[in-house]
Amino acid sequence: MTALELLAKYYGYRSFRPGQKEIIDAVCAGRDAVVLMPTGGGKSLCYQLPALMMEGCALVVSPLIALMEDQTAALLADGIPAAAIHSGRNEADNRSAIDAALRGKMKLLYISPERLLSDIDSWLSRLKVNLVAIDEAHCISQWGHDFRPVYTQLSVIKDRFPGVPVMALTATADRLTRDDIATQLRLHEPLRWIGSFDRPNLSLTVRTSSTKKERVRTIETLIRTYPNDAGIVYTLSRVGAEEMDQALRTLGFRSCVYHAGLSAAARAEAQRRFTNGDVQVVCATIAFGMGIDKSNIRWVVHNNLPGNIESYYQEIGRAGRDGLPARTVLFYNMQDLIMRRKFNEESGRPAIAEEKLAWMQRYAEADICRRRVLLSYFGEVLEHDCGNCDVCLDPPSRFDGTILVQKACSAVIRCNSQIGMFILIDVLRGSARAEIRNHGYDRIRTYGAGRDLSSQQWAAYITQMIQLGIMEIAFDNDNRLRVTDYGMRVVRGQATVELALYRAPEPQRKRKTAERKAVAPVDPTTQLLEQLKAIRKEIAAREGIPSYVVFSDASLLDMAKRRPTTPVEFQQVHGVGERKGVRYGKRFIGAIRKFEGMSASMPKGATYKETLILHNAGVPLGEIASIKGVTTGTVLGHIAKLVDEDMITDFSRYISRSQYETICRTYSEDPDKAYYTLKETMDPGIIMLGRSIYEYHRRKNKSSNG
Ligand code: ADP
Ligand code: ZN
């Protein structure tokens with residue numbers, strides 16, 4: 001079968017995404033590959049399809065247990081034999097997966113790097129490996145943002161599996177890291193696929209110096225804009241996550257927290273509630289979201305500044321994976337930057353960390369199209385402004401800020417460069433706090449000279465002054481401010497400065513009771529979609545698998561649009577492969593039929609059609625029965641009927657020659673009693689099938705003779 005046929009058969013997709021075909025072809029031809037695609041780009045298929053196309057089993061090295069589990073669950077649901085081997089599973093399970101693999105019964109084996117390294121000389125040397133895929137490959141590089149020492153030992157793979165193609169996959173690597181991955185794994189002239197990182201459906205917004213209240217309000221607006229979908233708030237600390245969660249719950253939203261301080265069980269529960277749609281928001285520290293394939297995440301908010309673009313990009317990338325519009329908001333302020341600097345100093349690799357933070361800062365402070373800044377980090381050039389970031393949509397208007405600069409700078413100078421940003425603001429606004437008075441700052445000339453502006457406005461303008469190089473922060477000296485030479489020239493009237501006008505965050509939406517009561521009309525597709533989601537949730541709960549393993553949101557949306565009312569139509573839905581189509585089809589088709597005002601029961605012949613689909617897919621008899629939830633006898637009855645209708649002509653796999661001959665003989669001896677005689681030793685389904693085949697041959701002979 002071709003790659004495209006397999007894609008339709010197992011995954012229910014009709015075409016490849018950019019790069020997938022090229023990568024699959026290269027790997028099947030035995031070539032190594034470095035694959036860089038953004039999250040959601042479709043990396044998994046790049047190794048899953050070659051694994052299916054080649055003899056033997058693929059090894060997939062992954063550091064994330066949750067991800068391995070989800071991937072194997074999804075593969076099994078699609079009818080592809082797969083398992084995961086790692087320390088999180090009990091050893092007996094690991095053992096039986098290994099045995100199955102050694103018997104040639106596995107197509108994909110996910111394995112942790114530790115386990116791969118420890119077992120490489122034992123059973124792994126006896127396994128017929130057709131390719132090795134290394135997921136999260138950036139972990140191998142010192143230059144990456146998530147270096148894991150154990151990954152460096154993966155270079156032995158090339159020695160132990162000579163001639164086997166090795167693929168390195170990552171969603172996050174700058175150029176240096178990319179090159180380093182290929183070198184360290186000793187890849188041989190690999191195909192390098194650098195997918196586009198542009199995700200035009202994600203809107204990008206940065207808000208500077210927002211208060212807590214404003215942040216909550218922004219999130220509230222997002223939740224209300226997408227009441228049936230979900231969002232993530234990333235915070236730096238546990239406390240931050242808990243505070244935000246509390247604030248949102250107080251407003252009546254369904255929210256939960258996710259951070260390292262929770263037990264593993266509590267974390268799994270939070271993740272489950274999120275994927276099932278029980279909660280609308282997760283307030284999480286960065287640990288959340290790895291491997292979550294939930295396509296209706298409509299927004300991601302960063303309550304704190306991430307340490308590097310790679311992490312930031314991955315985190316916002318969890319929104320809008322279905323390609324529909326999604327929003328991202330980053331809250332940025334100087335305190336976060338200072339905090340990050342401190343982290344970096346303690347990081348063990350301060351120079352690299354500092355370099356990466358500087359890029360993050362460049363993004364947050366950009367006054368040109370943010371997407372251009374973001375993409376340029378990954379070495380990609382966007383030749384036009386994106387039109388979907390805050391800078392593009394609402395370019396900052398500028399004003400002559402010379403006087404503001406003069407006020408701020410002279411206050412710093414008069415306080416002998418001993419103050420940080422907060423005190424500076426208090427001095428400018430004439431605060432009577434004890435700390436100000438004790439130092440005599442209330443007696444300097446600029447005390448209270450900036451009363452006309454709010455603290456937030458001042459915070460935003462001072463931030464700009466720092467960005468413009470008018471002031472510096474002495475990070476090594478309590479973050480005190482110092483006026484630069486350039487700043488001095490402005491103070492002396494030798495230079496003027498333009499500042500970007502501060503924009504207050506969106507005012508709170510007035511929620512009049514009338515407005516709240518007015519129910520927006522729901523369009524039928526959305527209505528049906530909600531029903532389909534409920535069915536999916538029920539199935540997922542019954543089978544103990546995540547909802548998206550049943551069907552993705554994109555599949556449900558397509559289903560709600562196409563409204564298939566027969567199994568054959570159902571098979572056309574995006575993401576519906578043969579097995580899942582038959583296994584779950586009935587429930588969804590029933591609901592759709594009802595929705596369309598038809599009788600909920602399937603049309604006549606539908607169940608035969610299902611059997612035909614699975615028969616054509618080459619699914620064995622026992623499996624057809626278990627997918628459909630009926631006995632093998634019933635399935636054989638269907639096959640017989642399909643033979644009667646000339647829909648099936650290759651039936652040899654259901655009945656042996658000797659069974660068939662016995663049936664023919666018995667019928668020719670005594671047609672009336674034959675069925676009862678045969679029933680003593682044979683499944684009624686086989687007898688029916690034998691009869692149908694007998695008739696089939698007669699029909700054929702007749703038509704060829706006459
Ligand atoms: P990544 O590993 O790059 O983050 P995945 O491999 O998990 O991305 O793919 C993201 C989503 O896109 C999955 O739901 C996957 O089934 C879907 N997908 C992948 N390839 C295709 C395709 N050719 N057509 C439609 N959907 C696809
Ligand atoms: Zn833009």
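We're numbering straight along the sequence, starting at 1. For ligands, and for the atoms within them, numbers begin at 1 and follow the listed sequence. These numbers come from a predicted model, not from an experiment.
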When the ring centroid of [X] is compared with that of [Y], is the distance short of 6.0 Å?
X    : Y    : value
Y584 : F570 : no
F331 : H302 : no
Y312 : Y363 : yes

Which class fits the ring pair W359 and Y377: parallel under 30°, tilted 30 to 60°, perpendicular over 60°?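 Answer is perpendicular, since the angle exceeds 60°.
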For G41, is the nearest heavy atom under 4.0 Å from an atom of ligand 1?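 Contact check G41 vs ligand 1: positive.
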Is it true that Q20 lies under 4.0 Å from ligand 1, counting heavy atoms only?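 Yes; Q20 lies near enough to ligand 1 that a heavy-atom distance drops under 4.0 Å.
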Quick one: which of D135, D553, L45 has a heavy atom closest to atom 19 (C) of ligand 1?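 Ranked by closest heavy atom to atom 19 (C) of ligand 1, first place is L45.
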From Q71, R17, R321 - option closest to atom 12 (O) of ligand 1 by heavy atom: R17
Given I157, which of V164, L117, L59, L116 fulfils the side-chain contact (heavy atoms from CB on, under 4.5 Å) condition? L116
Using every non-hydrogen atom in the two residues, find where [X] and [Y] come nearest and quote the distance to one decimal.
X   : Y    : result
L6  : M53  : CD1-CG, 3.4 Å
L76 : P81  : CD2-CA, 4.2 Å
I80 : K107 : CG2-CB, 4.1 Å

Shell of protein N/O/S atoms around the Zn ion (ligand 2), taken as anything under 2.8 Å: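 N, O, S partners closer than 2.8 Å: C369 SG, C386 SG, C389 SG, C392 SG.
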Check step by step if side-chain contact (heavy atoms from CB on, under 4.5 Å) holds for M167 and V60. CA-CA 9 Å; M167 310 173 71; V60 185; over 6 Å; no
If you measure every N/O of M37 against every N/O of ligand 1, is any gap under 3.5 Å? no
The atoms of ligand 1 lying under 4.0 Å from a heavy atom of S44, numbered in the order shown, are 2 (O), 5 (P), 6 (O), 7 (O)
Atoms of ligand 1 less than 4.0 Å from F16 heavy atoms? 23 (N)
Please state which part of [X] comes within less than 4.0 Å of ligand 1, counting heavy atoms only: side chain, backbone, both or neither.
X   : answer
Y13 : side chain
R14 : neither
S15 : backbone
P38 : backbone

Do E310 and H138 have side-chain N/O donor and acceptor atoms under 3.5 Å apart?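 No donor-acceptor contact under 3.5 Å links the two side chains.
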Can you sort out the partners of Y332 under ring-ring contact (aromatic ring centres under 6.0 Å, His included), two or more places apart, ordered by chain and number? none
